[in-house]
Amino acid sequence: MITFIIGIVILITGGVLYGRLCERVIKPTDNATPATTMRDDVDFVPMKKWKNSLIELLNIAGTGPILGPIQGILFGPIAFITIPIGCVLGGAFHDYMVGMISVRNNGDQTPGLVRRFLGNYIYHIYQIFVCMLMLLVAVVFTYMPGDLFVSSVLNQDAHLSNPVIWVVYGVIFGYYILATLFPIDKIIGKIYPFFGAILLISAVGVFAGLFIHGYPLCEIWQAAPAVFPYEKHFLPLFFVTVTCGICSGFHSTQATIVSRTIENEHEGRTTFYDMMIAEGFIAMTWAAAAMGAVRLGLVNYQDLSQAPVSVVGVVSKNMLGHIGGLIAIIGVIVLPITSGDTALRSLRMMVGDALHIDQTKKRHSLAIALCIFALVSLLLMWAKHDPEGFNVIWRYFSWANETTVVFVLTMVAVYMKRNNMPYMMAIIPAAFYLFIISGYILHAQIGFHLPWNISTIFAVTFSVIYVIIVILRTKTNIFSKKEKRKK
């Protein structure tokens, strides 16, 4: 377990040190926040720091930091090092900066921030990606908890022919509608403390179980190529596979929701940065649990890639017994649901803002929500009917998730440059993720299916050109010229 423990130390120590550096760079002020200056008691509502932090954690800790790391361990124990480093330098930085920039720009959602700092052309491209991402999040975060509840709690087959699965989906949808439409402090703010307790119990329980049951983990210096079938294709596959456990564009859409409820900028590091470090801990825990389960013979490596949901149930019950395992499973079910509701809330807000619809009127919000839910329902039905449906949706979700990271980090870089901050902190991870998403989509079967070496050459070229363009444009302030003229 030495590599795993080293990774946990990197995560915690790096989170403390780099988090403080990020705070010094952004320099929180005592200025009034949108929660008070724009209060509407629907989306702009002042809430306590502990509640905002808990909501942020539950919003971002969905299916990604569980299913992603479970599949990511197929690449070997290197995951125990790359997850914490990526989380500290990429994911937590990304979440913190976008949350703080939103606070300082009237609680704008990410499309509004992209338009403000990158201009209309890039905004329209980003809007397509982020709306597609939100729809896919809603599908994934309905499919996974629904199937896990039916199979692991009710002990029934989650096949589409079982009417129980559709009843469960319907209940989840019903909650999503309520959480999407009601004021954030009436539904989300009330029940999240309960959900948070389940989340923490399950995560800590599985983490402790690693040591109590002596789960055998591989070390990074141990050569075992036959055990880790995807080791040779580490880049870019690993970072697309693990996705939310390291850096996620979806998180930016959640940070901007919470930016409308924090009462003081000084709460930002705890609310945004530290909660991503907590998600990194969840990702590390489930990656270790998956590796140990395979080495104990509880599951096989095919299960990690083809049936990761089943791995959750097996590991939870083996570590914590029937009752404890059930609590852990419920915690895992809670995670995607508490991200799916705010994903749909984000999409409703984005669509409303883009169409200039007054969402303080319930009928307007309901009309937008019903259109969104109709699309989600169609995608969900297709995913259940097609044997490869969920896997295809998951791959596109992961790729779109990392693609939005590039847009958001570019926006952060422009903001930092204009405010005399060290903007290379944003450009470096943005260029890295451009390499990841380019290399992946050029080579993958869901993309252009080019040879690996050619895809890599193109990906490196795109990243170099990106760095040059962004540095030149931020220096000359070419980005967002139209917006500056409007002002």
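Side chains included, hydrogens not; waters and symmetry mates left out as well; all remaining heavy atoms used. Heads up: numbering here begins at 1 and tracks the sequence. Predicted model only: the values in this text are computed from it and were never measured.
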Exercise answer: donor-acceptor pairs, residues 72-91 side-chain atoms, under 3.5 Å, sequence neighbours excluded:
unit_1, atom_1, unit_2, atom_2, d
Thr82, OG1, Ile78, O, 3.0

Please list every donor-acceptor pair under 3.5 Å in which a side-chain atom of residues 13-28 meets a protein atom from a residue at least two apart or in another chain.
unit_1, atom_1, unit_2, atom_2, d
Thr13, OG1, Val9, O, 3.0
Glu23, OE1, Arg269, NE, 3.1

Can I get a per-line list of side-chain donor-acceptor pairs under 3.5 Å for residues 433-443, giving both atom names and the distance, sequence neighbours left out?
unit_1, atom_1, unit_2, atom_2, d
Ser438, OG, Leu434, O, 2.7
His443, ND1, Leu450, O, 2.9

Review item, side-chain donor-acceptor pairs of residues 238-245, under 3.5 Å, at least two apart:
unit_1, atom_1, unit_2, atom_2, d
Thr241, OG1, Leu237, O, 2.7
Thr243, OG1, Asn401, ND2, 2.7
Thr243, OG1, Glu402, OE2, 2.6

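Ile125 pairs by the side-chain contact (heavy atoms from CB on, under 4.5 Å) definition with Phe129, Phe407, not counting sequence neighbours. Shown here are the salt bridge (Lys or Arg N to Asp or Glu O under 4.0 Å) partners of Asp147, two or more places apart in sequence or in another chain: Lys384. With sequence neighbours excluded, the residues that form a side-chain hydrogen bond (donor to acceptor under 3.5 Å, both in side chains) with Thr3 are Glu219. Contacts of His124 classified as side-chain hydrogen bond (donor to acceptor under 3.5 Å, both in side chains), with partners at least two apart in sequence or in another chain: none. With sequence neighbours left out, the side-chain contact (heavy atoms from CB on, under 4.5 Å) criterion links Asn162 to Val150, Gln156, Val164. Glu267 meets the side-chain hydrogen bond (donor to acceptor under 3.5 Å, both in side chains) test with no other residue; sequence neighbours excluded. A search for side-chain hydrogen bond (donor to acceptor under 3.5 Å, both in side chains) contacts involving Thr404 returns nothing, not counting sequence neighbours.
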Q | Stepwise side-chain contact (heavy atoms from CB on, under 4.5 Å) test for Ile6 and Ile10 | A | CA-CA 6 Å; Ile6 290 173; Ile10 292 173; 3.9 Å; yes

Q: Report the C-alpha distance between Phe93 and Val412 in whole Å, list the side-chain angles of each, state the deciding distance to 0.1 Å, and finish with yes or no for side-chain contact (heavy atoms from CB on, under 4.5 Å).
A: CA-CA 10 Å; Phe93 167 80; Val412 171; 4.2 Å; yes

Q. Are Phe141 and Ile172 close enough, and set up right, to give a side-chain contact (heavy atoms from CB on, under 4.5 Å), and what steps lead you there?
A. CA-CA 10 Å; Phe141 292 2; Ile172 295 174; over 6 Å; no

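Screening residues 83-103 for side-chain hydrogen bond (donor to acceptor under 3.5 Å, both in side chains) gives Asp95-His251, Ser102-Ser259 as the qualifying pairs, with residues at least two apart or on separate chains.
The backbone N or O of Gly209 lies less than 3.5 Å from no partner atom in the side chain of His213, so there is not a single donor-acceptor pair. Within the 3.5 Å criterion, the main-chain N or O of Ala431 finds a donor-acceptor partner in the side chain of Ser463.
Residues Tyr126 and Leu118 fail the side-chain proximity criterion, which asks for heavy atoms closer than 4.5 Å. Contact check for Val98 versus Phe272: no side-chain heavy atoms found under the 4.5 Å cut-off. With contacts defined as side-chain heavy-atom distances shorter than 4.5 Å, the pair Met275/Leu54 does not qualify. Using a 4.5 Å cut-off on side-chain heavy atoms (C-beta onward), Leu409 and Met97 make no contact. Contact annotation: the side chain of Met424 approaches that of Ile471 to within less than 4.5 Å [non-hydrogen atoms, C-beta and beyond]. By the 4.5 Å heavy-atom criterion applied to side chains, Pro111 and Tyr123 are counted as neighbours. Looking at heavy atoms from C-beta onward, Met134 lies in side-chain contact with Phe250 at the 4.5 angstrom threshold.
Ring orientation note: the planes of Phe211 and Phe207 are nearly perpendicular, at an angle over 60° on the 30°/60° scale.
Taking the ring centroids of Tyr396 and Trp399, they lie at or beyond the 6.0 Å cut-off.
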